[in-house]
Number of protein chains: 2
Amino acid sequence: MTCSPAHLAEQIRAKGFRLTPQRMAIFNVLHESGGHLVRTEIYERVQALAPVLTEPTVYRTLDFLVENELVRVTHAGNGRLEYELARHRHHHLHCSACGAELEIAHEQMQKIFAHLELSTGYRLTENHITLMGLCPHCQEIGD
Amino acid sequence: MTCSPAHLAEQIRAKGFRLTPQRMAIFNVLHESGGHLVRTEIYERVQALAPVLTEPTVYRTLDFLVENELVRVTHAGNGRLEYELARHRHHHLHCSACGAELEIAHEQMQKIFAHLELSTGYRLTENHITLMGLCPHCQEIGD
DNA sequence: TTTTTTATTGCAATAAGTTACAATAAGAAA
DNA sequence: TTTCTTATTGTAACTTATTGCAATAAAAAA
Ligand SMILES: [Mn+2]
Ligand SMILES: [Mn+2]
Ligand SMILES: [Zn+2]
Ligand SMILES: [Zn+2]
């Protein structure tokens, strides 16, 4: 698998960074959770484990992991930043009424991204976006 | 114009809310600025004017204006929330190297949004997104 | 105008996030 | 293994953001 603790160690060392218990702990929390977590959740879960981490370390480590493309961050609704292991590229559709989440394959977005690159000259980087909407169920209730 | 202080007053009263000096001040700051502002900027600018506002009021008022679709918020890079008056729908392309901003017409996104609505059954609401990338100039430097 | 209602604001306490810098420890070198 | 270098962490102070509740004032009613 391309998201194991072993992979983390390899990637970090390959770039000349140091493999610390703090980095491993945060990575493991994301690995075990599977899904998206906000920073406070990550801090709490990592606290539950042994060698206590401080907030600055959690925040800096998350930035570090994102920069090195081991973790991905998405802007969920209302300014929430959510983190998850960087596996396959995808995006999200979030129901603002009930909170349901639907994953969107990156291929579905790829076409519009390519079109934008052509028309603007920009080169798009790692975008992991969350679109807001109403799921079919909440649409019925709404009107 | 659909974004004047008069329009604000009309919209707020029509929905049975109260037109307060605080709401007007915040609206005016956004109106005069024209572009995107983060919350601390809005707080500072509104402080420069007369009847001092508190932070909670600024934050609550921005939420209020967004809910009532008088103001729009976008997730700029790294968790920054930026606010602007709700005029025509559009999106942004942001150069992560030099900070350049390019506006994307909503029509360019409309097609993919419509396609997603069809394939998922979700109804997409007011999305105002910022995609990250490298502008043509920064691409040259980069490699 | 004066009174009444209650949406909205300010206050005070708290939580979340950031920064600068000294202390620590991971990994390289001896 | 021991020493050395410096990337990384913790500490402490600070800034930004959120929350509950009492005080205020906008707008309706009298
Ligand atoms: Mn995701
Ligand atoms: Mn905009
Ligand atoms: Zn729903
Ligand atoms: Zn650029």
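The sequence lines fix the lettering, A, B, ..., with proteins before strands; numbering per chain opens at 1.
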Walking along DNA chain C from 5' to 3', note the first and the last nucleotide with an atom under 4.0 Å from a heavy atom of chain B, and give both.
-> C:dT6 to C:dA12
Of all of residues 61-68 of chain A, which get a heavy atom below 4.0 angstrom from DNA chain C, listed by number?
-> none
Hydrophobic side-chain clustering at under 4.5 Å (ILVMFWY, transitive links): who's grouped with B:Val38? Put none if nobody.
-> none
Starting from P on D:dA17, measure out to CZ on B:Arg39 and report it in whole angstrom.
-> 5 Å
Starting from C1' on D:dT9, measure out to CE on A:Met24 and report it in whole angstrom.
-> 16 Å
Summary of salt bridge (charged side-chain N to carboxylate O under 4.0 Å, His left out) pairs that have at least one residue in residues 22-46 of chain A, sequence neighbours excluded = none
Which residues share a salt bridge (Lys or Arg N to Asp or Glu O under 4.0 Å) with B:Glu82, sequence neighbours left out | B:Arg80
Any A:Gln22 side-chain nitrogen or oxygen under 4.0 Å from OP1 or OP2 of D:dG10 | yes
Residues which pass side chain to side chain donor-acceptor pair (under 3.5 Å) with B:Arg72, listed by chain and number, not counting sequence neighbours = B:Glu126
N/O donor to acceptor pairs below 3.5 angstrom from side-chain atoms of residues 104-114 of chain B, sequence neighbours left out:
from, atom 1, to, atom 2, distance (Å)
B:His106, ND1, B:His91, NE2, 3.0
B:His106, NE2, B:Gln110, OE1, 2.8

Donor-acceptor contacts under 3.5 Å from residues 57-69 of chain A side chains, at least two apart:
from, atom 1, to, atom 2, distance (Å)
A:Thr57, OG1, A:Thr54, OG1, 3.1
A:Arg60, NE, A:Pro56, O, 3.3
A:Thr61, OG1, A:Thr57, O, 2.6
A:Asn68, OD1, A:Lys15, NZ, 3.4
A:Asn68, ND2, A:Phe64, O, 2.8

Under 4.0 Å from any atom of DNA chain C, heavy atoms only: list the residues of residues 10-18 of chain B that qualify, in numerical order.
-> B:Phe17, B:Arg18
Going by chain and number, the hydrophobic cluster around B:Met132 (ILVMFWY, side chain to side chain under 4.5 Å) further includes none
Can you tell which of B:Val71, B:Thr20, B:Ile42 makes a side chain to side chain contact (heavy atoms under 4.5 Å, CB included) with B:Ile26?
-> B:Ile42
Residue whose nearest DNA chain C nucleotide is more 5′ - A:Pro21 or A:Arg60 = A:Arg60
Spacing between A:Ile26 atom CD1 and D:dT9 atom C1', to the nearest angstrom = 11 Å
Donor-acceptor pair, B:Glu84 side chain versus B:Leu37 backbone, under 3.5 Å?
-> no
Less than 3.5 Å apart, which donor and acceptor atoms pair up between the side chains of residues 92-101 of chain A and the rest of the protein, not counting sequence neighbours?
from, atom 1, to, atom 2, distance (Å)
A:His92, ND1, A:Glu101, OE1, 3.3
A:His92, NE2, A:His36, NE2, 3.0
A:His92, NE2, A:His90, NE2, 3.0
A:His92, NE2, A:His128, NE2, 3.4
A:His94, ND1, A:Glu101, OE2, 2.8
A:Ser96, OG, A:Gly133, O, 3.2

Nearest-angstrom distance from the residue atom CD of A:Glu55 to P of D:dT15 | 17 Å
Other than A:Leu118, what residues sit in its cluster of Ile, Leu, Val, Met, Phe, Trp and Tyr side chains whose heavy atoms are under 4.5 Å apart, directly or through others?
-> none
